[in-house]
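Worksheet: one structure, shown below.
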Amino acid sequence: MPEGPSIVILRDQIKALNLGKPEVLEVAGYVKTIDKEQLIGEKIKDFKSWGKHFLICFNDFTIRIHFMLFGTYLINAYKQTPLALGLTFKKDELNFYTCKVELLEGNVDELYDWRVDVMADEWDEKLAVKTLREHPDSYICDLLLDQHIFAGVGNIIKNEVLYRARIHPLSKPEKIPLKKLRELVRQCQQYSFEFLKWKKENTLSKHWEVYKQKECPNGHKVEKKKTGKSNRQTYYCTECQIKCA
DNA sequence: ACGTATGTTATCCT
DNA sequence: TAGGATAACATACG
């Protein structure tokens, strides 16, 4: 569930319910990080997403839901596993499982910079390129997972955009030609939107070129190694992807 | 059936 | 002591 496009799907599914500015009638779930009573009777101003964060915005505060690795949700349905947070409205209910729930005080637009969210209208490619160049000596595979630079990019997107831009995961920004760096940044947004489309069609895994693949589209063997400081699994082709280090 | 994983943070080591 | 490694969280899938 967790990468940025999946959170956009959740947000859009909820918006499609046409809840308007719904009033919270009941709150359920085991979460202890928020005061559930505080929500009752409050009207929701908006549902937003920022990277992997799902945001339920009220007038003076926001509930942030992070699904981590295992999180799930159900709309107008429930399941037997322990419910983390459930919100009931006049005719709809939202149920969140295995997620981190936090309450943020104040105006959400002042808390988040939407320029770094690859799914946002405000996404700023130039800013991302500039930030990458401020980390000349870091591995690109780590920088792609840095939510301060690429909010919403996760391990699948990381692997796929590195392949698309033909960059080896252990390359460093100081050695990557600017043109390639720009191409990589552009792919972060472009692939994320293709991810969104394919995920909706339930065909995402069919389109993976390296992630969980044995061979790349050019017929070369795909390497699988934990790389960088993040030490996450990386799938890459040593023939197609050039190491700039 | 069991190993692995779309994520993040805390803690344990060296 | 900085930084790397590991654990913890708790679930679904192949």
Side-chain angles (χ1 to χ4, degrees), chain A residues 1-13 29-34 49-55 63-75 77-86 95-104 111-112 116-119 135 137-164 169-170 172 187-214 222-236:
Chain A
M1 142 107 252
E3 300 193 36
S6 300
I7 307 301
V8 169
I9 290 173
L10 164 60
R11 186 195 67 198
D12 291 349
Q13 281 175 339
Y30 62 75
V31 282
K32 300 219 166 53
T33 46
I34 62 166
S49 72
W50 180 90
K52 299 166 187 168
H53 299 190
F54 179 58
L55 304 168
I63 292 188
R64 164 164 79 201
I65 297 179
H66 198 302
F67 292 94
M68 309 303 284
L69 200 51
F70 309 126
T72 55
Y73 63 89
L74 287 171
I75 298 172
Y78 64 92
K79 58 177 179 175
Q80 281 309 316
T81 56
L83 176 68
L85 178 68
N95 293 314
F96 302 99
Y97 305 86
T98 333
C99 53
K100 201 155 82 175
V101 179
E102 283 157 299
L103 194 131
L104 311 175
L111 297 174
Y112 285 98
V116 300
D117 177 1
V118 294
M119 301 304 292
H135 299 269
D137 195 33
S138 299
Y139 291 123
I140 196 67
C141 60
D142 291 327
L143 292 166
L144 283 166
L145 293 175
D146 186 335
Q147 300 299 295
H148 305 287
I149 311 175
F150 300 102
V153 169
N155 208 33
I156 295 175
I157 299 174
K158 176 195 85 178
N159 283 292
E160 291 296 305
V161 298
L162 282 171
Y163 183 75
R164 284 186 167 198
L170 294 175
K172 295 177 172 183
Q187 283 300 339
C188 286
Q189 185 197 42
Q190 187 172 320
Y191 179 77
S192 293
F193 278 91
E194 289 177 59
F195 182 126
L196 173 66
K197 185 184 75 185
W198 291 327
K199 179 94 183 170
K200 282 182 184 168
E201 295 171 355
N202 213 18
T203 64
L204 179 64
S205 58
K206 269 200 339 201
H207 290 89
W208 289 335
E209 296 191 310
V210 284
Y211 180 72
K212 287 192 172 170
Q213 303 306 299
K214 294 259 183 287
V222 169
E223 295 284 331
K224 179 189 176 190
K225 277 202 183 100
K226 290 189 173 177
T227 61
K229 291 190 176 176
S230 53
N231 208 31
R232 299 291 303 278
Q233 209 66 260
T234 305
Y235 297 81
Y236 58 101

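In the text below, chain A, chain B and the rest are named by the order of the sequence lines, each starting its count at 1.
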Need one value for [X]: base, sugar-phosphate or nothing, where a base atom within 4.0 Å counts as base even if backbone is also close, heavy atoms only.
X	answer
Lys79(A)	sugar-phosphate
Tyr191(A)	nothing
Lys224(A)	sugar-phosphate
Tyr211(A)	sugar-phosphate

Over how many whole Å does the gap from [X] atom [atom1] to [N] atom [atom2] extend?
X	N	atom1	atom2	result
His53(A)	dT9(B)	NE2	P	8 Å
Lys206(A)	dG14(C)	NZ	P	15 Å
Asp142(A)	dG4(C)	CG	C1'	12 Å
Phe96(A)	dG7(B)	CZ	P	19 Å
Phe70(A)	dT4(B)	CZ	C1'	9 Å

Would you tell me if any nitrogen or oxygen in the side chain of [X] comes within less than 4.0 Å of OP1 or OP2 on [N]?
X	N	value
Arg232(A)	dT6(B)	yes
Tyr30(A)	dA10(C)	no
Lys100(A)	dA8(C)	no

Item to complete: Kindly assign one of parallel, tilted or perpendicular to the pair Tyr73(A) and Phe96(A), based on the angle between their ring planes and the thresholds 30° and 60°.
Response: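 Tyr73(A) vs Phe96(A) ring planes: tilted.
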Practice prompt. Would you indicate which nucleotide in dT8(B), dT6(B), dG4(C) comes nearest to any side-chain atom of Ile156(A)?
Written response: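 The nucleotide sitting nearest to the side chain is dT6(B).
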Worksheet item: What interatomic distance, in whole Å, is found between P of dT11(B) and the corresponding atom of dA10(C)?
Response: 16 Å
Discussion item. Between dA1(B) and dC9(C), how far apart are the two C1' atoms, rounded to whole Å?
Written reply: 23 Å
